[in-house]
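Single-structure report; data block below.
Quick caveat, the model's predicted, so the values are computed rather than measured.
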Amino acid sequence: MAKKPVNIPAYRLSKDQKIYFASDFHLGAPDKESSLARELKIVRWLDQIAENASAIFLVGDIFDFWFEYKHTVPKGFVRFQGKLAELRDRNIPIYFFTGNHDLWMFNYFPEELGIPVYHQPLSFNINDRRVFVGHGDGLGKGDHVYKFLKTLFTNPLCQWLFSWLHPNIGMGVAQYWSNKSRLSCEDDEPKGISEPLFQYCKEVEENTHHDLYIFGHRHLPMSLEVTDNSTYFSLGEWINHFSYLEIDEKNANLKTFDG
């Protein structure tokens, strides 16, 4: 199992300092050629933001599928991982939140890249603004089938049994389910106040105030006011939208990387 990551520190941003959030790169999908083009675009984006990045948050489904065997990790994505290693060598903090496609991440990123991996949403502060961040899968009411499957997939016994499959078999089976899950989120329309994650934010806000709620998973870049002083941001994805969230000293804005 992964080592317990350190808590996210509070950040005090000054002029020209920024924190970046992105999710749903789905590296590996739908084929090698298009994934490589997307990977190169992501690397260009990381190069661009590195100059003023106080921290970078990768908020789930970064890989279309990931499973760490004891001595094996998925093939590919070396340019992306190499860029992350370079940014960490420059002492830029990077935080990785698992999504429903890459929930089987354990020790590799913490040990090899110095990047903590989080499996649940977390709260922290940016310039006294309370921020709640996570991938967003399985949160809120409904979606009982997926919640059952997630409980099954995160069960240590099930993970151990899966690890005994040869990688050629295990990754092939998992890739089929990843494609099915990803396609269910594509070409969707915003549901406004009926957005499941927006409703989840309203439930959380009733008990604990957060200025910003930041989630991936929905593949649609959007922002909705939870209350007069609280906003939900959906980060979108990098198959069609190439969107990300930028937080500076005073503001939070969804942006698009044209690369």
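- You'll find the side chain of L27 stays beyond 4.5 Å of the side chain of D64, heavy atoms only.
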Decide side chain to side chain contact (heavy atoms under 4.5 Å, CB included) for M105 and E68; before the verdict, give the C-alpha distance in whole Å, the side-chain angles of both, and the deciding distance to 0.1 Å. CA-CA 6 Å; M105 297 195 72; E68 290 180 27; 4.0 Å; yes

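- Considering all non-hydrogen atoms of both residues, Y11 and S54 come closest at CE2-O, 3.7 Å.
- Judged purely by atom type and a 3.5 angstrom limit, E237 uses its side chain to pair as donor or acceptor with the backbone of H241.
- Evaluation of the side chain to side chain donor-acceptor pair (under 3.5 Å) test over residues 37-51, restricted to residues two or more places apart or in two chains, returns D47-K83.
- Taking CZ of R130 as the reference point, atom OG1 of T208 lies at 9.0 Å (rounded to 0.5 Å).
- Checking Y213 against E205 by side-chain atom types alone, a donor-acceptor pair falls below 3.5 Å.
- Among all heavy-atom pairs drawn from L103 and H119, the shortest one is O-CE1, 3.5 Å.
- Across I62 and D102, no two heavy atoms sit closer than the pair N-OD2, 2.8 Å.
- Side chains of L84 and F109 form a contact here, defined as non-hydrogen atoms less than 4.5 Å apart.
- The shortest side-chain heavy-atom distance between F65 and H101 does not fall under the 4.5 Å cut-off.
- Atom NZ of K18 and atom CD1 of I56 lie 13.0 Å apart (nearest 0.5 Å).
- The other members of the hydrophobic cluster of L40, by chain and number, are L36 (side-chain heavy atoms under 4.5 Å, ILVMFWY only).
- Ion pairing between E206 and K202 fails under the 4.0 Å rule for side-chain N and carboxylate O.
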Using the rule given for side chain to side chain contact (heavy atoms under 4.5 Å, CB included), can you reason through N127 versus R12, listing the C-alpha separation, both sets of side-chain angles and the distance that settles it, and then say yes or no? CA-CA 5 Å; N127 284 31; R12 174 63 61 179; 3.9 Å; yes

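- Relative ring orientation between Y20 and Y244 is described as tilted, the plane-to-plane angle lying within the 30° to 60° band.
- Connection of L87 to V43 is not established within any shared hydrophobic cluster, with ILVMFWY side chains joined at heavy-atom distances below 4.5 Å, either directly or through further cluster members.
- What you find for I126 and I19 is that their closest heavy atoms are CD1-CD1, 3.8 Å.
- Of the inter-residue distances, the one linking L235 atom CG with H135 atom NE2 reads 9.5 Å to the nearest 0.5 angstrom.
- Aromatic ring pairs are classed by plane angle as parallel below 30°, tilted from 30° to 60° and perpendicular above 60°; the pair Y108 and W66 is tilted.
- When side chains are defined from C-beta on, H210 does not count as touching V226, because their heavy atoms never get closer than 4.5 Å.
- Side-chain atoms of N253 never come within 3.5 Å of backbone atoms of E246 as a donor-acceptor pair (strictly under, hydrogens ignored).
- Without hydrogens or angle criteria, D61 side chain to H26 main chain gives no donor-acceptor distance under 3.5 Å.
- Between the CD atom of E112 and the CD atom of Q81 there is a distance of 9.5 Å, given to the nearest 0.5 Å.
- Side-chain atoms of I247 and I214, non-hydrogen and from C-beta on, do get closer than 4.5 Å to each other.
- Contact annotation: the side chain of F80 approaches that of L58 to within less than 4.5 Å [non-hydrogen atoms, C-beta and beyond].
- You'll find the ring centres of F242 and F257 outside the 6.0 Å limit.
- Not one N or O on the side chain of D24 forms a donor-acceptor pair closer than 3.5 Å with the backbone of H219.
- For an aromatic pair to be called close, the ring centres must be under 6.0 Å apart, and F57 with F21 satisfies this.
- Residues R218 and S234 approach most closely at CB-OG, 3.7 Å, considering heavy atoms.
- No side-chain heavy atom of P9 sits less than 4.5 Å from a side-chain heavy atom of F124.
- The structure places CD1 of I42 at 7.5 Å from OG of S35, a figure rounded to the nearest 0.5 Å.
- Between L254 and P221, the closest heavy-atom pair is CD1-C, 4.1 Å.
- Between the OG atom of S243 and the CH2 atom of W238 there is a distance of 8.0 Å, given to the nearest 0.5 Å.
- Using cut-offs of 30° and 60° for the angle between ring planes, the F215 and F132 rings count as perpendicular.
- The backbone N or O of K250 sits less than 3.5 Å from a side-chain atom of D248, completing a donor-acceptor pair.
- A heavy-atom distance below 4.5 Å is found between the side chains of V133 and V59.
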